[in-house]
Amino acid sequence: MASNMMEQFLTCIECKEYFDGDLHAPHVLPCLHTCCTQCLKSRISKDEVQCPECREKFKASNNDLSGFPVDNARKHIVDCYRIQKKNEEYLCDECGTSSVKERATSRCKECDEFLCEKCTDAHQRTKLTRRHQLISSEKLKNSPLEEFHNKQTCAVEGHEGQPFSFYCTSKGCARPVCSVCVVRNHQQNGGHEVRDINDVYIENKRLVEGQLLDVKHKKTSADEAIELIEDNIQNLYLKESGVDEEIEAQFSECIKILEKRKEELKEKLASVSQEKKKDLEGRLDHLTKQKGQLDQACKFTDDLLQYSNAAEFLVMKDQVLNRMAQLKNQPVDVFPPHASTDIKFQATNMGDDFVNFSQSMGSVSVATPIEFLPNTRVQVHDIVVGKEQSPLLITMNENHSRPLSEADLDIKVEILNGKNYRSQAVVLDKTRSQGCYKAVFTAPKPGEYRALVKIMGMLLEPEGYVFKAKRIDDIGSESSLAYLTATEKKEAKDAIDSDSQEIKYGANEIEKLNLQALATSRGKPLASSEIKTAVGEIICPDLSLDPLAAHPQNEVLENLKTMNNQKSRHRTPRNLSQAFQNFRGTIGNRSLGRTGRYYFEVNVSFFIKRSLRQDLVFEIGLCRKSDVDKHYTIDNHAFSYVVCARKCHICQTICLQGWNNGQRFYHSPITENSPPGTSFKTTYGFLLDARQRQWVVVDAKNRRFILRFKNIDLNKPLWPVFGLYNPDLINSSLTVRSGKDISSILEVPFDY
């Protein structure tokens, strides 16, 4: 298999010929696939060339291939591979055009030519080439790859033989140059900036390696998404088979009356299943193509880093960086589609009433609340006081925003007035006639109301939907959308629970309704023997979150204390010019001192919406400011000290972990399991003792010690950093408590 992969790397993807320095010179396209000169020219049409592998098209005006650089290292690898692995013989490049082609016995490293015995003797006698380094064919069979690379020399007239020792980094140049070029054509007073070629090579090599790491992370996401979709396609077939059997069982006792209806449902099942399979297969095709691009980019770059010398690498680095930047910014659709495969057959209206309800018996459903929530549209209308009207129209949509007519969903709507009194609205299922659900409510008095919508037990919008009840003289024509028909009024009357009454919300009940709500109060203070107050030598700095630095996927609220991983749909878009581009979070407004003891707390809560693999939930740490935005997380930096929560593949639950310099040293479960619907909420305390060079993490809610970081490096300031991850899978939020918000601190011994 390795041999086949090497063959693919060293041959043209179109004609399968080995690359050489002539008609089959290896040209690298922007997609990082490689095609030889001859094939590339044959594929140019209308000033465009199409990659034979991925079918991407690129501009190639006037048959100009200069935009597709030649990978010079590839030819040398071909020579090495064919001589050492394939044991092939080469013909002389000097006398090869004659009728009798002699077998090559040596290779000139400077000329990059294979020579026969006669041409070797002539090469050693000629004044211009007598000092060239010749290596025999036998020796080449055991020589390292470096021996096959020719010395890159300047091609400018008069500079022949001068090695590339420098690199001009000025705009418009960006190429290797020799010492003569530097003196004559690339002087500093002429606007040129010349640097040592090895320094530029190392600098750009590190840049490409960093980009490669990011692309490999993206590739991992694509691999996981493809695996998940493939699993769910298989699961969809199994579910389809199971539901088919269930339908047969339900209809066995009333086969004569329900035969037609049964076939309708089976057709609906096949249609829904086919549509979902088509959607999943479409995603799979897209991700497979994207993964192919990522694979090619990673493979090419790995090979470039491994096999190219400095000059060869720098010729290719712009092409590679452009492709890396393009692939890095391409989103990978990691939305877990498994919820879409849970096809169910609803055995409704069966038994004694099956004759009357034969036309509505049973249904095939595919969606779950996890799929509904992100794609639910709620239309809000003001209503007239004292009138039975509909302030909310609730419409379900697919992933592609097409309306769904899923009936019999468990939808509840609670209405809160200005004093937090609640009333239960009546929800009418109008999916068959109007494609939506209607919430029916009669406002007793004018004012502003807030509606909380739950779909199958899950809160749709934590802040609720605000509407107004107005007197009939104050409301405009738009209220007509809220009116009910006579039939709808009768349906609402039949559905009203005669025992319903207004109940006042307590503080805890309101908090439970909001999945992102955070605990803002502490329990009773411990006895004085158990705690130390913040009045003494421990400093509780007034810490807040930087809203400008927050990554675009997160949002810092106006109090500058709370950050959510879900952007509010009601807020004005912010300026992202100062926001972190890599790290998924924000930074505190100040660093912690190098002397003294500092303490702050963080309230953390999260709710799992979809199944996790080894996904990160939150991250709280201390880090040097210059390191924060280098990567997606901060746990791999040498001077970062991180507490994070993530799905653990060992425990199969959410675990709290301690990290430093990419190494995990602490690990403890914080939830019993982690299926969708799991929620968690607690308060962590963080105490930095600069004198002891320790950072201690405690459970401030349950008043217990968790873990300790020792030998903290305080040579440079450390900044509090806060990250929230995977908004598609998790609703999470954190709130910083500091300054006057701290009433007590758990006493932690520092004598060990």
With respect to Thr735, which candidate in Thr683, Asn603, Thr562 satisfies the side-chain hydrogen bond (donor to acceptor under 3.5 Å, both in side chains) definition? Thr562

Test ring pair (Phe, Tyr, Trp, His ring centres under 6.0 Å) applied to Phe722 - qualifying residues, sequence neighbours left out: none

Just wondering, do Lys328 and Asn582 contact through their side chains at under 4.5 Å, heavy atoms? yes

Run through His551, Glu619, Gln553, Arg584 and flag the one making a side-chain hydrogen bond (donor to acceptor under 3.5 Å, both in side chains) with Tyr725. Glu619

For the backbone of Leu612 and the side chain of Lys647, can you confirm whether one donor and one acceptor N or O come within less than 3.5 Å of each other? yes

Which atom pair, heavy atoms only, marks the closest approach of Pro331 to Gln290? O-NE2, 3.0 Å

Could you walk me through whether Lys289 and Asp285 satisfy the salt bridge (charged side-chain N to carboxylate O under 4.0 Å, His left out) test, starting with their C-alpha distance in whole Å, then the side-chain angles of each, then the deciding distance to 0.1 Å, before giving a yes or no? CA-CA 6 Å; Lys289 178 180 178 181; Asp285 290 341; over 6 Å; no

What class does the angle between the rings of Phe606 and Phe618 fall in, given that below 30° is parallel, 30 to 60° is tilted and above 60° is perpendicular? tilted

Is it true that a side-chain atom of Gln389 and a backbone atom of Val384 form a donor plus acceptor pair closer than 3.5 Å? yes

Quick one about Thr653 and Thr671 (side-chain donor to acceptor, distance below 3.5 Å, no hydrogens or angles considered), yes or no? yes

For the backbone of Leu228 and the side chain of Asn232, can you confirm whether one donor and one acceptor N or O come within less than 3.5 Å of each other? yes

Verify the distance criterion only: is there a donor paired with an acceptor across the side chains of Gln293 and Glu56 at less than 3.5 Å? yes

Look at the side chain of Asp279 and the backbone N and O of Glu275, then say whether any donor-acceptor pair between them is shorter than 3.5 Å. no

For Leu284, is there any backbone N or O sitting under 3.5 Å from a side-chain donor or acceptor partner on Thr288? yes

